[in-house]
**Student:** 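Okay, here's the structure, questions in a sec.
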Amino acid sequence: MDIAALVSKRSTCLRRSVGAVLVKDRRILATGYNGAPSGLRHCSDIGCIREKLNVPPGERHELCRGLHAEQNAIIQAAFHGVSVKGATIYCTNHPCSICAKMIINAGIVKIIYRQGYMDKLSENMLEEAHIIVSQL
């Protein structure tokens with residue numbers, strides 16, 4: 001979890017810094033933090049669309065130009081040809097419903113998170129998918 005917290009310091013999000021680490025067999029597979037896609041300007045440089053529109057946290061994710069830490073970790077693993085099937089993801093925050101869907105389809109079996117950011121839909125889907133979810 002300390003590594004996920006360290007990775008979160010790379011975040012370029014103005015609202016929340018989040019880090020994620022994918023682990024399997026006690027080995028780090030990939031890391032991710034929240035921020036704009038590679039090569040695009042960061043919110044820290046151009047401002048936050050969601051902030052300008054007064055969008056509450058946890059709502060209207062499609063209005064954000066950034067990717068979530070969990071998404072970036074899964075994408076990095078895929079980009080480098082690393083399977084995450086059977087892995088555990090350590091997150092500084094509980095995954096949102098969008099990330100939960102990606103975690104389920106990626107074959108990740110366990111989530112360990114530090115802080116809330118509870119999303120009822122996410123919680124329900126993870127439970128239905130039999131993903132183990134634990135808070136540190």
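Values in this document were obtained by computation on a predicted structure and should not be read as measured data. Sequence positions, counted from 1, serve as the residue numbers for this chain.
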**Student:** Of all the heavy-atom pairs spanning Arg50 and Pro57, show the shortest one and how long it is.
**Tutor:** NH2-CA, 4.0 Å
**Student:** How close do Arg15 and Val55 get, heavy atom to heavy atom, and via which atoms?
**Tutor:** NH2-O, 2.6 Å
**Student:** Backbone N or O of Gly35 within a donor-acceptor pair of the Thr12 side chain at under 3.5 Å?
**Tutor:** no
**Student:** Looking at Arg16 and Asn93, would you say the former's side chain and the latter's main chain have a donor-acceptor pair under 3.5 Å?
**Tutor:** no
**Student:** For the CZ atom of Arg65 and the SG atom of Cys48, what is their distance to the nearest 0.5 Å?
**Tutor:** 10.5 Å
**Student:** Counting only heavy atoms not in Asp45, do more than 12 sit closer than 6.0 Å to its CG atom?
**Tutor:** yes
**Student:** Any donor and acceptor pair, going by atom type alone, linking the side chain of Gln135 with main-chain N or O of Tyr113 inside 3.5 Å?
**Tutor:** no
**Student:** With side chain to side chain contact (heavy atoms under 4.5 Å, CB included) as the criterion, how do Leu53 and Leu63 come out once you've worked through the C-alpha distance, each side chain's angles and the decisive distance to 0.1 Å?
**Tutor:** CA-CA 9 Å; Leu53 296 174; Leu63 294 176; 4.1 Å; yes
**Student:** If you count every heavy atom of other residues, nucleotides or ligands that lies below 6.0 Å from Ile46 atom CD1, does the total exceed 12?
**Tutor:** yes
**Student:** Run the side chain to side chain contact (heavy atoms under 4.5 Å, CB included) check on His94 and Leu126 step by step: do they pass?
**Tutor:** CA-CA 11 Å; His94 189 282; Leu126 293 168; 4.1 Å; yes
**Student:** Taking all non-hydrogen atoms of both residues, which atom of Cys13 and which atom of Ser11 are closest, and how far apart?
**Tutor:** N-OG, 3.1 Å
**Student:** Sub-3.5 Å donor-acceptor pair from the side chain of Asp119 to the main-chain atoms of Leu121, do we have one?
**Tutor:** yes
**Student:** Is there a path from Ile104 to Val133 through hydrophobic residues (I, L, V, M, F, W, Y) whose side chains come within less than 4.5 Å of each other?
**Tutor:** yes
**Student:** Would you say Glu70 and Cys91 make side-chain contact, with heavy atoms under 4.5 Å?
**Tutor:** yes
**Student:** With the 4.5 Å side-chain cut-off for hydrophobic clustering, are Val21 and Val84 part of the same group?
**Tutor:** no
**Student:** How many angstroms lie between atom CG of Leu67 and atom CG of Leu40, to the nearest 0.5 angstrom?
**Tutor:** 9.0 Å
**Student:** If the condition is side chain to side chain contact (heavy atoms under 4.5 Å, CB included), which residues does His80 pass it with, not counting sequence neighbours?
**Tutor:** Gln76, Val82
**Student:** Mind checking the CD1-CE spacing from Ile131 to Met125? Nearest 0.5 Å is all I need.
**Tutor:** 11.0 Å
**Student:** Would a hydrophobic clustering, with Ile, Leu, Val, Met, Phe, Trp and Tyr connected at side-chain separations under 4.5 Å, put Tyr90 with Ile3?
**Tutor:** yes
**Student:** Can you name the closest pair of heavy atoms from Gly32 and Val7 and give their distance?
**Tutor:** O-CG1, 3.2 Å
**Student:** Below 4.5 Å, heavy atoms only, C-beta onward: do Gln71 and Ile98 meet side chain to side chain?
**Tutor:** yes
**Student:** Distance from Thr88 atom OG1 to Ile111 atom CD1, nearest 0.5 Å?
**Tutor:** 9.5 Å
**Student:** side-chain hydrogen bond (donor to acceptor under 3.5 Å, both in side chains): which pairs involve residues 52-63, sequence neighbours left out?
**Tutor:** Arg60-Glu62
**Student:** So, Lys24 side chain and Lys85 main chain: donor-acceptor pair closer than 3.5 Å or not?
**Tutor:** yes
**Student:** Could you give the distance from NZ (Lys110) to CD1 (Ile103), rounded to the nearest 0.5 Å?
**Tutor:** 14.0 Å
**Student:** Determine the minimum heavy-atom distance between Ala87 and Leu22, stating which atoms define it.
**Tutor:** CB-CD2, 4.4 Å
**Student:** Under the 3.5 angstrom rule, does the side chain of Asn72 hit a backbone N or O of Tyr33 as a donor-acceptor pair?
**Tutor:** yes
**Student:** Are Met1 and Ile28 joined in one hydrophobic group, where the rule is that I, L, V, M, F, W and Y side chains link up if heavy atoms are under 4.5 Å apart?
**Tutor:** yes
**Student:** With hydrophobic residues grouped by side-chain heavy-atom distances under 4.5 Å, do Met102 and Val23 end up in a single group?
**Tutor:** no
**Student:** Treating Asn34 as the side-chain partner and Val18 as the backbone partner, does any N or O pair qualify as donor plus acceptor under 3.5 Å?
**Tutor:** yes
**Student:** Using modelled atom types and a 3.5 Å cut-off, is there a donor and acceptor pairing between side-chain atoms of Ser122 and backbone atoms of Ala100?
**Tutor:** no
**Student:** So how far is it from Cys43 SG to Ile49 CD1, rounded to the nearest 0.5 Å?
**Tutor:** 6.5 Å
